[in-house]
K.L.:
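Take a look at the following structure, please.
As the structure is a computational prediction, the values presented were derived from the model and not from experiment.
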Amino acid sequence: MYNRYSDISKFITDTGQLCTESDGYVYLSREEDYDIAVDMESCYGSLDEVRSFLAFLAKHICELDNLVQRFNQKNRMKQSGYVCLPSPDWVLRFDYSQSMEKEPAPQKKAFPFELEIIYIEEPNIIVFDYWCTNKNTQLDVTFEYRDTRFFLRKYGSFDCIPDNWEQSLMSENTLNP
C-alpha cells in the first residue's frame with residue numbers, strides 16, 4: 001500500500017486552481033482521482049492565506065501517508081489491550097507506549113484506511129481524517145509542521161509521539177533483541 005498517493009499529477013498543486021467549493025472544501029485531488037479535500041470551515045485562515053501551503057501539502061501527501069502506514073506497521077495494539085495507570089477518581093488513563101507492540105509480525109491485511117479530509121485548525125498543525133474501507137470507523141492522525149519538516153504527533157488515541165520515534169524503535173530493538 002505504500003506510495004498509493006504517489007501520482008502527483010492527480011493532485012492540484014497549482015495555487016491558481018485551488019478554490020473553495022460550495023460544500024466548504026478545497027479539493028487537493030479530484031473525485032475521480034483520490035478525492036482528498038481540506039475543510040476550510042475549520043481552517044485557521046482564508047484560502048488566500050493558506051493557498052501556497054495547500055499546494056505544498058498536496059505535494060507531500062504521499063510521504064505523509066507512508067509515514068502513517070509505517071507507524072501502523074511498527075506500532076500496533078497488543079493482544080492484551082491497554083495498560084491502565086493509577087488515576088484519580090473520574091479519570092481513566094492508559095499508558096499507550098506499554099500498550100503497543102514494538103515491531104509486530106507483518107500484517108496479513110493492507111492498511112484499511114483511505115485519506116478523505118484534511119483539517120488545518122492551526123498554522124502548524126495538520127490533521128488527516130482517514131476513513132476505514134471495511135467498517136464504519138475513522139482514524140485521526142495529527143502532524144506538526146516545524147522547521148520545514150512534518151512530524152507525526154498523534155495516531156488515533158496514541159498521542160505525544162516523539163520526533164525520532166523510528167530511531168528510538170530501532171535502538172530499543174537493538175538493546176532488547
K.L.:
Treating Asp39 as the side-chain partner and Glu41 as the backbone partner, does any N or O pair qualify as donor plus acceptor under 3.5 Å?
P.N.:
yes

K.L.:
Are Ile117 and Tyr5 joined in one hydrophobic group, where the rule is that I, L, V, M, F, W and Y side chains link up if heavy atoms are under 4.5 Å apart?
P.N.:
no

K.L.:
For Tyr44 versus Pro123, what's the shortest heavy-atom pair and its separation?
P.N.:
CE2-CA, 3.5 Å

K.L.:
Could you check if a side-chain atom of Cys132 sits within less than 4.5 angstrom of a side-chain atom of Leu139, using non-hydrogen atoms only?
P.N.:
no

K.L.:
Mind listing the closest non-hydrogen atom pair of Arg51 and Leu18 along with its distance?
P.N.:
NH1-O, 2.5 Å

K.L.:
For Asp65, is there an ion pair with Arg70 - N to carboxylate O distance below 4.0 angstrom?
P.N.:
no

K.L.:
Taking the six-membered ring for Trp and the single ring otherwise, decide whether the centroids of Trp165 and Phe71 are under 6.0 Å apart.
P.N.:
yes

K.L.:
Taking all atoms of both residues into account, what is the closest heavy-atom pair of Ile118 and Ile36, and its distance?
P.N.:
CD1-CG2, 3.8 Å

K.L.:
Are Thr142 and Ile126 side-chain neighbours, meaning at least one heavy-atom pair lies under 4.5 Å?
P.N.:
no

K.L.:
Let me confirm one number: the OG1-CH2 distance from Thr137 to Trp131, rounded to the nearest 0.5 Å.
P.N.:
12.5 Å

K.L.:
Specify the closest pair of heavy atoms between Phe151 and Arg146, including all atoms of both residues, with the distance to one decimal.
P.N.:
CE1-O, 3.5 Å

K.L.:
Begin with the C-alpha distance, continue with both residues' side-chain angles, and end with the deciding distance and a verdict on side-chain contact (heavy atoms from CB on, under 4.5 Å) for Tyr34 and Asp7.
P.N.:
CA-CA 10 Å; Tyr34 301 126; Asp7 188 351; 3.4 Å; yes

K.L.:
Do Tyr119 and Phe128 have their ring centres less than 6.0 Å from each other?
P.N.:
no

K.L.:
Might you work through the side-chain hydrogen bond (donor to acceptor under 3.5 Å, both in side chains) test for Asp48 and Ser46, ending with a clear yes or no?
P.N.:
CA-CA 5 Å; Asp48 289 335; Ser46 68; 5.1 Å; no

K.L.:
Is any side-chain heavy atom of Lys154 closer than 4.5 Å to a side-chain heavy atom of Val127?
P.N.:
no

K.L.:
Kindly work out whether a path of hydrophobic side-chain contacts (I/L/V/M/F/W/Y, heavy atoms less than 4.5 Å apart) joins Val68 to Leu57.
P.N.:
yes

K.L.:
Taking the side chain as every heavy atom from C-beta outward, state whether Ile120 and Val38 have any pair of such atoms under 4.5 Å apart.
P.N.:
yes

K.L.:
Once you round to the nearest 0.5 Å, how far does CG of Asn3 lie from SG of Cys62?
P.N.:
4.5 Å

K.L.:
Is the closest side-chain heavy-atom distance between Lys59 and Ile8 below 4.5 Å?
P.N.:
yes

K.L.:
Do Leu67 and Phe158 share a hydrophobic cluster (ILVMFWY, side-chain heavy atoms under 4.5 Å, transitive)?
P.N.:
yes

K.L.:
Taking a hydrophobic cluster as the set of Ile, Leu, Val, Met, Phe, Trp and Tyr residues connected by side-chain heavy atoms closer than 4.5 Å, whether directly or through intermediates, do Leu47 and Tyr25 fall within one such cluster?
P.N.:
no

K.L.:
CG/Asp33 to OG/Ser9 distance, rounded to the nearest 0.5 angstrom?
P.N.:
7.5 Å

K.L.:
Give me the atom names and distance for the closest heavy-atom approach of Gln138 to Phe113.
P.N.:
C-CE2, 4.2 Å

K.L.:
Please indicate whether Glu32 has more than 12 foreign heavy atoms, meaning atoms of other residues, nucleotides or ligands, lying under 6.0 Å from its CD.
P.N.:
yes

K.L.:
Please check this pair: side chain of Arg153 against backbone of Cys160, looking for a donor-acceptor N/O pair closer than 3.5 Å.
P.N.:
no

K.L.:
How about Tyr155 and Asn72: do any of their side-chain heavy atoms sit closer than 4.5 Å?
P.N.:
yes

K.L.:
What residue pairs, at least two apart or across chains, pass salt bridge (charged side-chain N to carboxylate O under 4.0 Å, His left out) with a residue in residues 111-138?
P.N.:
none

K.L.:
Tell me whether Ile61 shares a hydrophobic cluster with Phe111, the cluster being built from Ile, Leu, Val, Met, Phe, Trp, Tyr side chains joined at under 4.5 Å.
P.N.:
yes

K.L.:
Of all heavy-atom pairs between Cys43 and Val50, which one has the smallest distance, and what is that distance?
P.N.:
SG-CG1, 3.9 Å

K.L.:
Report yes if the distance between the aromatic ring centroids of Tyr145 and Phe53 is under 6.0 Å, otherwise no.
P.N.:
yes

K.L.:
Let me see the working for Glu144 and Arg149 under side-chain contact (heavy atoms from CB on, under 4.5 Å), right down to the final yes or no.
P.N.:
CA-CA 8 Å; Glu144 178 185 12; Arg149 290 185 54 208; over 6 Å; no

K.L.:
Decide side-chain contact (heavy atoms from CB on, under 4.5 Å) for Ile125 and Phe143; before the verdict, give the C-alpha distance in whole Å, the side-chain angles of both, and the deciding distance to 0.1 Å.
P.N.:
CA-CA 6 Å; Ile125 303 295; Phe143 297 94; over 6 Å; no

K.L.:
So, does Thr133 use its side chain to make a donor-acceptor pair with the main chain of Pro112 at under 3.5 Å?
P.N.:
yes

K.L.:
Which residues satisfy the side-chain contact (heavy atoms from CB on, under 4.5 Å) test with Glu21, sequence neighbours excluded?
P.N.:
Cys19, Asp23, Tyr27

